[in-house]
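Below, chain A is the first sequence line, B the second, and so on; all start at residue 1.
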Amino acid sequence: MPSMAHSEARDFTKTKQPNGKIVKNGPKDESRRQKIAQQRKSLPITSVERQLVEEVRKNDTLIIVGETGSGKTTQLPQFLFNAGFCRDGKVIGITQPRRVAAVTVAKRVAEECGVELGQKVGYSIRFEDATSSSTRIKYMTDGLLLREALLDPFLSRYSVVIIDEAHERTVHTDVLLGLLKNVQKTRSQSTSQMSSLEKMKASNGTVLEKDNHAQSQSFQKSYHGTKFSPLKLIIMSASLDARGFSEYFGGARAVHIQGRPYPVDILYTHHAEPDYLEATLITVFQIHLEEGPGDILVFLTGQEEIESVERLVQERVQQLPEGSRNLLVIPMFSSLPSEQQMRAFRPAPSCSRKVILATNIAETSVTIPGIKYVIDPGLVKARSYNPITGMESLIIIPTSKAQALQRSGRAGREGPGKCFRLYPENEFSKLVDSTVPEIKRCNLSNVILQLKALGVDDIIGFDFMEKPSRMAIVKSLEQLYLLGALTDDYKLSDPVGHQMARLPLDPIYSKALILANQFNCLEEMLITVAMLSVESIFYTPREKLEEARAARKCFSSAEGDHLTLVTVYRASAEWLEKVKMANNKDKTAERSLSKWCKENFINNRSLRHARDIHSQIQGHVEQMGFRVASCGDDMLQFRRCLAAAFFLNAALRQPDGSYRALASSQVVQIHPSSVLFRTKPECIIFNELVRTNHNYIRNITRIDPLWLPELAPQYYATQN
DNA sequence: GAGCACTGC
């Protein structure tokens, strides 16, 4: 039925988004340097350089709203540098939510400045530091600046801190905002040398002012009259509501910068679509058959959905007339091997059109060139967290307005585009303005541990831009107390709490390392927590299910998943050792490890990540004076250590083969991916609790129930 | 006998 897509074509109502400025690039034959200068000149932000610098001079806190393409991320730091904000060796710090962004922007700015990366312009991300003592413009991930604050609580090296992409509201961004607000207050107080009393009088002395003041006083407990220069704070956001940020910073000034280079037509359906996947398919073919050249980007919720739409598009392409079959389907999600991800970036063969089926990854993390059409069914898979049960789940929910805007913006990067929203226009107005910030839907143990280490004792009173629920805070405080990180009066314990705060890991994993040091199995635990900290290590493609299972069996341990992970890690390390012995070239060794991963159905990216974490954490624990000892063949010792560390996650088998988690009394099941799925031991500890079709627990090891009262008497002695 | 959006230290 070649005309099928045509006959079922949807009508879309049309609304216009405000037109932006069109940016033209210089001729291709110009030298690169001239071209860069030309590009800089044409950025919307360039014409307002003087005004912007003036605004920063006048305002301690400034909110800049500018859409992608305005040039704010690359240009503003250079403007400020040229205006003298780095005098006395001070640094301008710019945070990004993602590593790739920090690196690519730094490279670009170094090139624009004509300097070598790592000199005047540099970047710093986990596992990678491209800065030096001469670095003045420093791009970094937000999480890294947070870590830096642990060593330098007043961020004294920085004259300006710019929080970029603040609208994304990552946990790190939210914690940083609260922290920087305090740091700024402290530093300006130290400069003005006003006594706290005078300061109180000077401000209008409202209750709110006093509260904030008291809080910043408690934060400053380590501050003994040291003199600091004031800190300039700039919040950059792409979302239209600067109001939230402005209110949070006491009515801070907000300025807008023109940005969007090309207009995008937004089209809605007349009626709600009962089946959004079918509507997606129809729209894909409607665009393919009726619209001009340009690739299509479709936003779907997950891998499974993408794979099924991929099959359906391919089936229906075959039903088209021969001349119209020039449609190339490309899936895109994070767990896809990178060679396959690269397909999306290669241009489609001439005279054909690409349709990219992507998850959220295409919303912010990757920018795919050539996109002219966006199809947005208006749904997203989001993580939610129940602090009472500790249960994590993934649910499909409508996007926010901000997300819908971000998605449509993907059509206007290189020329005018179109976005097809697969819902009626009145539905758009019902969407929430912005996505619920992550801090309101995650386990707060790590955040609290960090804040405590920064001297913030009153977590419930901390000035979050949006406060997490009291229950979420209390539950995490309780967990940290049970792990021994906090004392009876909820202060950071010494040394355990301080040691845990130093390690960039989930608090429960940090605790496991501290215990492993006492149990003489730190080597095994170091590998375990590194492997537990990354995405799934095992890779099971649907078409090679049996082979993958067989490969996995070689690593399986009857004791459970933790030992299985240790075996995998050691096998890969031994392989790498052998290759390096044979020919000591690092590059060949790397390639050989990739090959080993493929043969053994191991996810190469995850394993490399685990190796990075392993070496970073090993450095930390050695600095803390721990000795990385192995328990050798004494697996009993290692399992006892696991029980001592993860006692909060113990479960007992019930007569029907399900389990009961001891801490929350929830009924749970062993996930089929566990090596203990069939064995079903009487008593186990686990690391993950995820709700999908059932309440599943993952990463499990068999333990002796008698170990619990023995190793965690503070928790189990009073219970049965 | 299942299925996992995306980041980050």
If each of A/M332 and A/D506 is mapped to the nucleotide of DNA chain B with the nearest heavy atom, which maps nearer the 5' terminus, i.e. the 5' end? A/M332

What does A/T692 touch in the nucleic acid at a heavy-atom separation under 4.0 angstrom: a base, only the sugar-phosphate, or nothing? sugar-phosphate

Under a 4.0 Å N-O cut-off, is there an ion pair linking A/K138 with A/E148? yes

Is the A/Y423 ring parallel, tilted or perpendicular to the A/F428 ring (thresholds 30°, 60°)? parallel

Opening and closing nucleotides of DNA chain B in contact with chain A, under 4.0 Å to non-hydrogen atoms: B/dG1 to B/dC9

Any ion pair linking A/R702 and A/E559 (charged N to carboxylate O, less than 4.0 Å)? yes

Decide side-chain hydrogen bond (donor to acceptor under 3.5 Å, both in side chains) for A/D142 and A/T170; before the verdict, give the C-alpha distance in whole Å, the side-chain angles of both, and the deciding distance to 0.1 Å. CA-CA 9 Å; A/D142 46 15; A/T170 67; 2.9 Å; yes

How is A/R169 classified with respect to the nucleic acid when contacts are heavy atoms under 4.0 Å: base, sugar-phosphate, or nothing? nothing

Regarding A/R407 and the six-membered ring of A/F299, is the cationic atom NZ or CZ under 6.0 Å from the ring centre and inside 45° of its axis? yes

Those residues of residues 390-401 of chain A lying under 4.0 Å from DNA chain B by at least one heavy atom: A/L394

Base, sugar-phosphate, or nothing for A/D142, non-hydrogen atoms under 4.0 angstrom? nothing

Heavy atoms under 4.0 Å, any strand shown: does A/L503 hit a base, just sugar-phosphate, or nothing? nothing

A/L454 and side chain to side chain contact (heavy atoms under 4.5 Å, CB included): which partner among A/V183, A/L449, A/L492, A/L150? A/L150

Indicate, with a heavy-atom threshold strictly under 4.0 Å, whether A/R98 touches base, sugar-phosphate, or nothing. sugar-phosphate

Under 4.0 Å, heavy atoms only, any strand: does A/R99 hit a base, just the sugar-phosphate, or nothing? sugar-phosphate

5'-most contact on DNA chain B: A/E304 or A/S533, nearest heavy atom basis? A/E304

Worked check of ring pair (Phe, Tyr, Trp, His ring centres under 6.0 Å) between A/H620 and A/F626: CA-CA 9 Å; A/H620 273 108; A/F626 291 6; over 10 Å; no

Would you mind classifying the nucleic acid contact of A/T170 as base, sugar-phosphate or nothing, using non-hydrogen atoms under 4.0 angstrom? nothing

Using 4.0 Å as the upper bound for N to carboxylate O, is an ion pair formed by A/R169 and A/E466? yes

Using a strict cut-off of less than 4.0 Å between a Lys/Arg side-chain nitrogen and an Asp/Glu carboxylate oxygen, indicate whether A/R98 and A/E168 qualify as a salt bridge. yes

